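Everything numeric in this text was worked out from a predicted model, so none of it was measured. One-based numbering along the sequence shown.
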Amino acid sequence: MNARGSLFQAFVLHRREYGNTSLLLEVFAAGRGRFPAIAKGARRARHPTSALLQPFQPLWLDALGRGEVLTLTRVEAAGPAIGLLGRPLLCGFYLNELLVRLLGRDDPHDPLFAFYHAALTGLAGGDDLEGLLRQFEIRLLDELGYAIALDVEADCDRQVVPDGVYVLVPGQGMRQAQADDRTERISGATLLALAQGDRLAPHQLREARALLRRLLEPHLGGRPLKSRELFRRFAVASAPNPGPGSGPGPGTSRDSTPIGITHRSLES
């Protein structure tokens with residue numbers, strides 16, 4: 001990772017008000033991993049860091065402290081903010097929430113930090129959003145030691161074949177589906193595409209989404225993800241009007257972001 005004196009590269013994953021004028025942040029940083037930090041006075045009018053301490057803004061930070069919660073002592077932009085609107089914004093919220101929920105504190109994951117930065121840039125490009133989310137989920141599980149082999153059967157080490165049909169055995173991996181299996185099936189072609197990072201067809205995206213949700217669920221502690229609720233609200237608000245007209249759907253703004261869904265939506 002690039003260095004700049006004592007500063008380190010970072011992103012704000014989550015922020016909420018703290019005291020009368022400060023912010024309590026969850027930070028993901030190169031060389032440090034995830035940690036909580038206080039930005040003192042950052043909510044004061046015209047404070048120089050208030051506009052920078054937002055999600056999706058690459059940062060240079062310095063922080064000091066003896067306890068678990070550090071205090072930011074320096075904040076600089078490490079580049080322009082990564083502009084996310086509409087569905088890409090919700091995808092960014094989803095990545096941030098996964099990192100907050102699944103990363104341990106003070107456990108550096110520099111390859112994941114670089115992959116996260118690249119994923120945000122990909123979201124801003126607006127292309128293949130779901131495929132990008134699936135690859136991030138796979139990379140996150142791998143970094144945390146929870147990955148399974150997607151191209152090999154768990155019970156016999158046979159290679160997955162494109163025309164095969166498979167089911168997930170929790171805690172083990174994939175095996176060939178049997179006639180009496182009641183769990184969701186996934187095609188070998190989808191598993192191989194996920195393993196190789198290939199672009200997924202629409203029907204494969206549905207299969208991949210269901211599989212990755214099942215792989216992530218045991219590690220989320222049984223609490224629902226707020227970002228999934230935002231996706232549901234977005235889908236409802238973005239539904240087309242049944243009657244004639246060319247304006248945005250009810251509940252949406254001109255930038256295609258549903259009214260009420262902003263950077264503050266996860267600040268709780």
Any idea which heavy atoms bring [X] and [Y] closest together, and the distance?
X	Y	result
Gly31	Asp110	N-OD1, 2.6 Å
Leu230	Leu90	O-CD1, 3.6 Å
Trp60	Ala77	CD1-O, 3.6 Å
Leu192	Val161	CD1-C, 4.2 Å

- request: State whether the number of non-hydrogen atoms from other residues, nucleotides or ligands found under 6.0 Å of Glu184 atom CD is greater than 12.
  value: no
Side-chain heavy atoms nearer than 4.5 Å, only ILVMFWY residues, links allowed to pass through others: does that put [X] and [Y] together?
X	Y	value
Tyr18	Val100	no
Phe11	Ile38	no
Leu102	Tyr146	yes

- request: Look up atom CG in Leu129 and atom SG in Cys91, then write down how far apart they are to the nearest 0.5 Å.
  value: 5.0 Å
With the threshold set at 4.0 Å, does a side-chain nitrogen-carboxylate oxygen contact exist between [X] and [Y]?
X	Y	answer
Lys226	Glu97	no
Glu130	Arg134	yes
Arg105	Glu26	yes

- prompt: Any side-chain heavy atom of Arg175 sitting closer than 4.5 Å to one from Cys156?
  reply: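 No, their side chains stay 4.5 Å or more apart.
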- prompt: Checking side-chain hydrogen bond (donor to acceptor under 3.5 Å, both in side chains) for the pair Ser6/Arg74: CA distance, chi angles, key distance, verdict?
  reply: CA-CA 10 Å; Ser6 63; Arg74 192 170 171 187; 5.2 Å; no
task: Measure the acute angle between the ring planes of Phe136 and Phe115, then classify it against the limits of 30° and 60° as parallel, tilted or perpendicular.
output: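 Correct class here is parallel.
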